[in-house]
Amino acid sequence: IVSLLPERAVSSMRSGEIDLAIGAISAAGKDCISVDCLSDRYVCMVRSGHPMAQSKLTRASFAKLRFFFARTTSTIYQLAEQWLADEDVRPRIAARGHFTTAPEIIRHSDLAAIFPRLLALDLHRAKDFRLLELPFDLPAMEVKVHSHARFANDTGIRWMCQTSARLLSNSADRSNA
């Protein structure tokens, strides 16, 4: 597993540096074979004892929240961030950090985070969090498994793509149940 900027995914697959890319990669284009896995949306995640945990978010209450801003290379997350800025719904950022540290920070503070719903549901199994619907719409996050057409006849890459797509789709199905 290699952490990679989305804009490098296609060239890295073309060169054989990586075999496939998983995520919401908008620049995959005609050079790639893409398999749909899941569609997700964003929610606001707060700890279960947060003052807003039992409320419905409005634009006004959203504007009052303080956020842990989880920086990722996801183009969809960056699009969501840009959309928020364009809509003048800019979240008040109290702290920044790596995406993987956000749940622990949220669990032990009154900060909120914008998270993909399926990931937030998975984290919520211990009932530590409350997932609030955003008071506005963000674009859906379409997660796919991508491989380069140049390696379309490689049975190993094809198997890995199909297996990864099936596992992600099954995981999404279980979360939605």
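When a residue number appears, it is its place in the shown sequence, counting from 1. Here the structure is a predicted model, which means the values were calculated and not measured.
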Item to check | Residue list, salt bridge (charged side-chain N to carboxylate O under 4.0 Å, His left out) with Arg14, at least two apart or on another chain | outcome: Asp31
Checklist entry - Who passes salt bridge (charged side-chain N to carboxylate O under 4.0 Å, His left out) against Asp19, sequence neighbours left out? => result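 Partners of Asp19 by the salt bridge (charged side-chain N to carboxylate O under 4.0 Å, His left out) criterion come out as none, since no residue qualifies.
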Between [X] and [Y], is there a shared hydrophobic cluster once you connect ILVMFWY residues whose side-chain heavy atoms come closer than 4.5 Å?
| X | Y | value |
| --- | --- | --- |
| Ile33 | Leu168 | no |
| Phe99 | Ile106 | yes |
| Met45 | Ile105 | yes |

Minimum heavy-atom separation for [X] and [Y], please, with both atom names.
| X | Y | answer |
| --- | --- | --- |
| Ala95 | Leu111 | CB-CD1, 4.3 Å |
| His146 | Gly23 | NE2-O, 3.5 Å |
| Val10 | Cys32 | CG2-SG, 3.9 Å |
| Leu119 | Asp40 | N-OD2, 4.3 Å |
| Ser55 | Pro51 | OG-O, 4.4 Å |

Kindly write out the residues that satisfy side chain to side chain donor-acceptor pair (under 3.5 Å) with [X], not counting sequence neighbours, or none if the list is empty.
| X | answer |
| --- | --- |
| Arg41 | Glu133 |
| Ser15 | none |
| Ser11 | none |
| Asp154 | none |

Checklist entry - Within the distance-only criterion (no hydrogens, no angle test), does the side chain of Ser169 pair as donor or acceptor with the backbone N or O of Cys37 below 3.5 angstrom? => result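 Such a contact is found between Ser169 side chain and Cys37 backbone.
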Next on the checklist: Tell me whether Arg158 contacts the main-chain N or O of Ala152 through its side chain, where contact means a donor paired with an acceptor under 3.5 Å.
Outcome noted: yes
Nearest-0.5 Å distance, [atom1] of residue [X] to [atom2] of residue [Y]:
| X | Y | atom1 | atom2 | answer |
| --- | --- | --- | --- | --- |
| Arg59 | Leu134 | CZ | CG | 10.5 Å |
| Gln54 | Ser48 | CD | OG | 8.5 Å |
| Leu57 | Met52 | CG | CE | 5.0 Å |
| Ser34 | Glu142 | OG | CD | 12.0 Å |
| Leu38 | Asn170 | CG | CG | 11.0 Å |

Item to check | Pairs meeting criterion salt bridge (Lys or Arg N to Asp or Glu O under 4.0 Å) with involvement of residues 44-53, two or more places apart | outcome: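 Every pair satisfying salt bridge (Lys or Arg N to Asp or Glu O under 4.0 Å) with a residue in residues 44-53: Arg47-Asp110.
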Do the side chains of [Y] and [X] get nearer than 4.5 Å, heavy atoms only?
| X | Y | result |
| --- | --- | --- |
| Phe115 | Leu123 | yes |
| Pro116 | Tyr42 | yes |
| Arg150 | Met13 | no |

Item to check | Stepwise side chain to side chain contact (heavy atoms under 4.5 Å, CB included) test for Ile22 and Ser164 | outcome: CA-CA 8 Å; Ile22 300 173; Ser164 298; 4.1 Å; yes
Checklist entry - In chain order, what residues pass the side-chain contact (heavy atoms from CB on, under 4.5 Å) check against Glu104, with sequence neighbours excluded? => result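 So Glu104 forms a side-chain contact (heavy atoms from CB on, under 4.5 Å) with Arg107, His108.
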Checklist entry - Ile157: which other cluster members, linking ILVMFWY side chains closer than 4.5 Å, directly or transitively? => result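 Grouped by the 4.5 Å side-chain rule, Phe151 form the rest of the cluster around Ile157.
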Pairs of donor and acceptor atoms involving the side chains of residues 60-70, under 3.5 Å and at least two apart or interchain, shall be tabulated with distances.
| unit_1 | atom_1 | unit_2 | atom_2 | d |
| --- | --- | --- | --- | --- |
| Ser61 | OG | Thr58 | N | 2.7 |
| Ser61 | OG | Thr58 | O | 3.2 |
| Ser61 | OG | Thr58 | OG1 | 3.1 |

